[in-house]
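Chain naming here is simple, since letters A, B, ... match the order of the sequence lines and numbering starts at 1 in each.
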Amino acid sequence: MGKTITEKIFDAHRVDNPAGDIQVIRLDAVFCHEITTPVAINDLVARGKDRVFDPSKIKAVIDHVTPAKDSKTAEQGKIIRDWARRHGIKDFFDIGRNGVCHALFPEKGFVRPGYTVIMGDSHTCTHGAFGAFAAGVGTTDLEVGILKGVCAFKAPRTLKVEVTGSLPAGVYAKDVILALIGELGVNGATNKVIEFTGPVIESMSMESRMTLCNMAIEAGGTCGVCYPDAVTVDYLWPFIEKDYPSKEAALADYSQWISDADAEYDGTMTLDVSGLSPMMTFGYKPDQVKPVSEMEGTPVDQVYIGSCTNGRIEDLRVAAAVLKGGRIADTVRGVVSPATPEVYRMALAEGIIQIFMDAGFCVTNPTCGACLGMSNGVLAEGEVCAATTNRNFNGRMGKGGMVHLMSPATAAATALTGKISNSLLYTGKEASA
Amino acid sequence: MKSFDGKVAFLDRSDINTDEIIPARYLTEITKEALKPFLMEDLNMEGFHPASSFAGASVVVSRANFGCGSSREHAPWAFEVNGIYLVIAESFARIFRQNMFNCGMMAVELPKEDIDVLFSRFSGKETFVSVDLEKGLFVFKAGEDTLEIGFSVSEFDKSLVKAGGWVDFADKNY
Ligand code: SF4
């Protein structure tokens, strides 16, 4: 019987099997941010266990609220900053070098095929795009990860999703994952890894694969995963060129992290995207999904482009292509947060920031910002935001606010008209106000 | 080890998420105790009042996919500081479930039929449950009405509950 990529990764990392299907695995990386880590640090200190298993395998960032917005967030930043210094954690990213964790850490080459990663953040599933097992955990699991470099999981089962056909113009990874969550429901993949395969995935960039895997958790999934291939090797090459004589050699090595043809799955499904249209959410749950065309004309108060789902350069490029030469509606506030300093720099060099500013967007520093409603664009009661983020829960972007999740292209088109709109990249027609 | 016996509060909805249990705006708190007044502040449900619906309760019974959404352990903590150590539901989101046991608390799944019976027989009444972890037995009581329901918790989860959580367990064993 063959094995899935996740089973292979577990086999290679298992340190214990304390009971039934519970497996304790060794971790290759533990990621930390300033919202969930300070409580873990304080607890470890209180227990007299202020230690770290390996400072080189711990990566930390201040990203959720940065620069600090008040004394409490300043205190959170201080706790993680002092801790990183005290333990010699070199890969610590503070203001000026910081960005949204799930965009920043991949960009730094911290995730490799076959890795096991945890973080006190549910969207850690993003990193599975590299052929890794990456899972969000709570503070206690994070504490143990920091202290011992291990984590316990129920042996995850796998749901295989084959994405076939070809994406129509103006339809993106975000639309694919929204459609899929709509089909699976918010707990359709609970305790499962979602394995994304098929020709559409193979032709996707790493950025698009990260967008897909990012929202696996929105269907309850533990992790999203894509097989490592030549696209993965190209992306990682600056970080691995010393380890391999050639890209071919790297690819050959990474091919051990691909599911066997006779692997056993918990379920398989096929999604043909040839007829897919741009999708968006309409309610307070990420599985409440509709084609954008059915919601067209709904007024919005704010458009937010950013986050670990869609704040990467590819996303800003698409949004800028829609916005170019246009101005957003007077009734709309546009906010864009490039996900990392590197994304910001590229966007500056390519004239994308200029396009956003000419269109009337506010460009913020790299941060999670409005995504979790703690800073940089919190909604007032009754307001509506078109967002490229991943969560539309009631209150997520501010008490009493409504968030519609969509692709950067749809968000940009919506900014221009002030109402939910399909982009000209999809319709071929200019949006009308 | 915590005691799990007590008064039951019923939440008749699926997919109760962690943003509803404890909204993100309170994630800047760095002590568990500070979360106490905010439990379920954003839960919009007919007949539910964050300030009073949990009064005196130490057990919550709910429907499917309880605790979905973010990984924040603030959600179990918000229960813990309010004296609620046990959530019984048809199913749980993985991270929430693990967080409960990691804190030495319990998230116990029961089949849909059992949950349906609990709602139809006890919801709206002053209900108490006593918990026998070793035998795997809940005894629900409202007035004269008594119902026994068996449950199972894995040996591993049991050892976390007994050890008072995962940190001490892991530091000793790995
Ligand atoms: S961008 Fe939003 S979803 Fe992503 S890590 Fe930040 S707060 Fe979480």
Side-chain angles (χ1 to χ4, degrees), chain A residues 15-16 18-22 24 35-36 38-40 42-44 47 49 64-65 70 72-73 75-76 79 119-124 135-144 147-150 152-154 185-187 190-191 217 220 222 284-285 372-374 378 391 393-396 398-399, chain B residues 14-20 22-32 34-35 41-44 64-77 90-104 154-160 165-174:
Chain A
V15 292
D16 193 13
D21 58 352
I22 303 290
V24 177
I35 298 290
T36 50
V39 208
N42 284 350
D43 193 58
L44 286 170
R47 289 171 190 268
K49 299 183 198 281
H64 277 56
V65 184
D70 55 17
K72 283 185 170 167
T73 48
E75 180 65 21
Q76 289 181 307
I79 293 171
M119 179 172 197
D121 191 283
S122 57
H123 292 101
T124 307
V137 297
T139 300
T140 306
D141 275 338
L142 179 67
E143 270 183 67
V144 171
L147 189 63
K148 309 298 286 187
V150 298
F153 289 96
K154 246 191 191 162
V186 286
N187 61 352
T190 300
N191 278 323
I217 182 77
T222 304
Y284 287 127
K285 287 196 322 171
L372 79 165
M374 285 176 76
V378 181
R391 289 225 160 113
F393 297 155
N394 190 4
R396 173 76 177 181
K399 198 170 173 154
Chain B
S14 291
D15 305 318
I16 288 184
N17 66 61
T18 51
D19 276 81
E20 290 170 319
I22 186 81
R25 55 185 172 279
Y26 302 119
L27 301 188
T28 55
E29 301 297 345
I30 48 175
T31 66
K32 296 181 184 182
L35 302 172
E41 188 178 275
D42 276 1
L43 183 67
N44 247 322
N65 200 31
F66 191 91
C68 61
S70 100
S71 62
R72 65 189 68 158
E73 203 157 309
H74 304 69
W77 296 335
E90 196 183 313
S91 59
F92 291 92
R94 177 190 63 87
I95 302 175
F96 178 85
R97 190 192 159 284
Q98 192 62 51
N99 286 345
M100 287 288 286
F101 284 101
N102 281 349
C103 292
S154 76
E155 284 309 312
F156 180 64
D157 288 336
K158 236 185 246 179
S159 48
L160 293 183
W166 167 232
V167 176
D168 289 331
F169 182 90
D171 202 24
K172 199 163 91 214
N173 290 288
Y174 304 108

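- Under the 3.5 Å distance criterion, the side-chain polar atoms of B:Glu73 are left unmatched by any main-chain donor or acceptor of A:Gly120.
- Heavy-atom pairs under 4.5 Å with chain A peak, among B:Thr31, B:Asp157, B:Asp15, B:Thr18, at B:Asp15.
- Note on A:Thr222, A:Thr73, A:Asn394: by heavy-atom pairs under 4.5 Å with chain B, the leading option is A:Thr222.
- Within the structure, every pair that satisfies the salt bridge (Lys or Arg N to Asp or Glu O under 4.0 Å) test and touches residues 165-174 of chain B, not counting sequence neighbours, is listed here: A:Arg47-B:Asp168, A:Lys49-B:Asp168, A:Lys49-B:Asp171, A:Arg51-B:Asp171, A:Lys148-B:Asp171.
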inquiry  = Before you tell me yes or no, could you show the steps for A:Lys399 and B:Glu41 under side chain to side chain contact (heavy atoms under 4.5 Å, CB included), namely the whole-Å CA-CA distance, both residues' side-chain angles and the distance that decides it to 0.1 Å?
reply    = CA-CA 10 Å; A:Lys399 198 170 173 154; B:Glu41 188 178 275; 4.0 Å; yes

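- Of the atoms belonging to A:Ile79, it is side-chain heavy atoms, and not backbone ones, that fall under 4.5 Å from chain B.
- Residues A:Thr140 and B:Val167 have side chains in contact (heavy-atom distance under 4.5 Å, counting atoms from C-beta outward).
- Considering every non-hydrogen atom in both A:Lys72 and B:Thr28, the closest pair reads CD-OG1, 3.7 Å.
- For chain B, the option among A:Val15, A:Asp16, A:Asp43, A:Ile217 with the highest count of heavy-atom pairs below 4.5 Å is A:Asp16.
- The greatest number of non-hydrogen atom pairs below 4.5 Å with chain B, out of A:Asp21, A:Asn191, A:Leu372, A:Ile22, is found for A:Ile22.
- Ranking A:Thr190, A:Val39, A:Val65 against chain B, the residue ahead of the rest is A:Val39, based on heavy-atom pairs under 4.5 Å.
- Comparing A:Leu147, A:Thr36, A:Val378 by heavy-atom pairs within less than 4.5 Å of chain B, the highest count is held by A:Leu147.
- Between chain A and the residues B:Glu20, B:Lys32, B:Arg25, B:Arg72, the largest count of heavy-atom pairs under 4.5 Å involves B:Arg25.
- Both the backbone and the side chain of B:Ile30 come within contact range of chain A, each with at least one heavy atom under 4.5 Å from a heavy atom of that chain.
- Interface check for chain B: of the options A:Gly149, A:Ala135, A:Ala152, the most heavy-atom pairs under 4.5 Å are formed by A:Ala152.
- Taking B:Cys68, B:Ser70, B:Ala170 one by one and counting their heavy-atom pairs under 4.5 Å with chain A, the maximum is reached by B:Ser70.
- The closest donor-acceptor contact from the side chain of A:Arg396 to the backbone of B:Asp19 lies at 3.5 Å or more, if one exists at all.
- Shortest non-hydrogen contact noted between A:Ala19 and B:Glu155 is CB-CB, 4.5 Å.
- The contact between B:Asn65 and chain A is made by backbone and side chain atoms together, counting heavy-atom distances below 4.5 Å.
- In terms of non-hydrogen atom pairs under 4.5 Å with chain A, the most contact-rich of B:Phe92, B:Phe96, B:Trp166 is B:Trp166.
- Residue A:Gly136 comes nearest to B:Ile95 through the heavy atom pair O-CD1, 3.3 Å, listed as atom of the first residue, atom of the second, then distance.
- Nearest heavy atom pair, residue A:Ser122 against residue B:Gly69, reads CB-O, 3.8 Å.
- Here the straight-line distance linking atom CG of B:Asp42 with atom CZ of A:Phe393 works out to 12.5 Å at 0.5 Å rounding.
- Of the possible donor and acceptor atoms, none in the side chain of B:Gln98 sits under 3.5 Å from a partner among the backbone N and O of A:Val137.
- Side-chain atoms of B:Asn102 and A:Asp141 include a donor-acceptor pair closer than 3.5 Å.
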